[in-house]
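Written below as structure tokens is the structure these notes are about.
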Amino acid sequence: MATPPPPPCRADKGEQPPPSYGSTTAIDFRDARSLVAPDDFTIVTATLARQHPELGWVAAEQRVLEALKFVATVARSSATDLMPSGPVDAGWHALISCTAIYAELCARLGTVVHHQPEVTGAATPAPGWLDRTTAAIEAAGYEVTPDLW
């Protein structure tokens, strides 16, 4: 298996969102797709599909789903230095660009998951970032889609 390129960014937990944001509905963490409303999932997928028309709808859905797993894992995990792969980061970008949906998601998760872009010339990520991240996602109860990591 080839070594993946360094990730384009990392994630950090932030402050708790104000209580005025978000739903009090219990979250079913077993199904990452249910972390956002069905219409919101479609909106985020459409956003990614417009940004990357070469992907097609199914591939865009897969990236958004992996991004939801990643964000939920960062929010709930004590692991640090978790980083998305390039394809998952594209899904995360689409999610973040839908600001109301992302704010609602973070409120439901109980913390803001910040996107920290890596800059060219910055220190390379700690070895094992990919294994550490996918292990945390699996420990959170999600199945990792290997082709996207």
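Predicted, not measured: the structure shown is a model, and the values here were computed from it.
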Could you list the donor-acceptor pairs under 3.5 angstrom formed by side chains in residues 38-45, with sequence neighbours left out?
residue : atom : partner : partner atom : Å
Thr42   : OG1  : Pro38   : O            : 3.2
Thr45   : OG1  : Phe41   : O            : 2.9

Using distance only, find each side-chain donor-acceptor pair of residues 59-71 under 3.5 Å and give its atom names and separation, not counting sequence neighbours.
residue : atom : partner : partner atom : Å
Glu61   : OE2  : Arg33   : NH2          : 3.4
Glu61   : OE2  : Trp57   : NE1          : 3.1
Arg63   : NH1  : Ala59   : O            : 3.3
Glu66   : OE1  : Trp149  : NE1          : 2.8
Glu66   : OE2  : Lys69   : NZ           : 2.6
Glu66   : OE2  : Thr145  : OG1          : 2.7
Lys69   : NZ   : Glu143  : O            : 2.5

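Closest of all the heavy-atom pairs between Cys106 and Val113 is SG-N, 3.7 Å. Nearest heavy-atom pair across Gly91 and Leu48 is CA-CD2, 4.0 Å. Taking both residues in full, the closest heavy atoms of Ala90 and His52 are given as CB-NE2, 4.4 Å, listed atom of the first, atom of the second, then distance.
Taking NE2 of His114 as the reference point, atom CD1 of Ile96 lies at 10.5 Å (rounded to 0.5 Å). Note: Ser85 OG to Trp92 CH2 = 11.5 Å, rounded to the nearest 0.5 Å.
Every residue meeting the side-chain contact (heavy atoms from CB on, under 4.5 Å) condition with Glu138, not counting sequence neighbours, appears here in chain and number order: Val144. Qualifying side-chain contact (heavy atoms from CB on, under 4.5 Å) partners for Ser97, counting only residues two or more places apart in sequence or in other chains: Thr47, Gln51.
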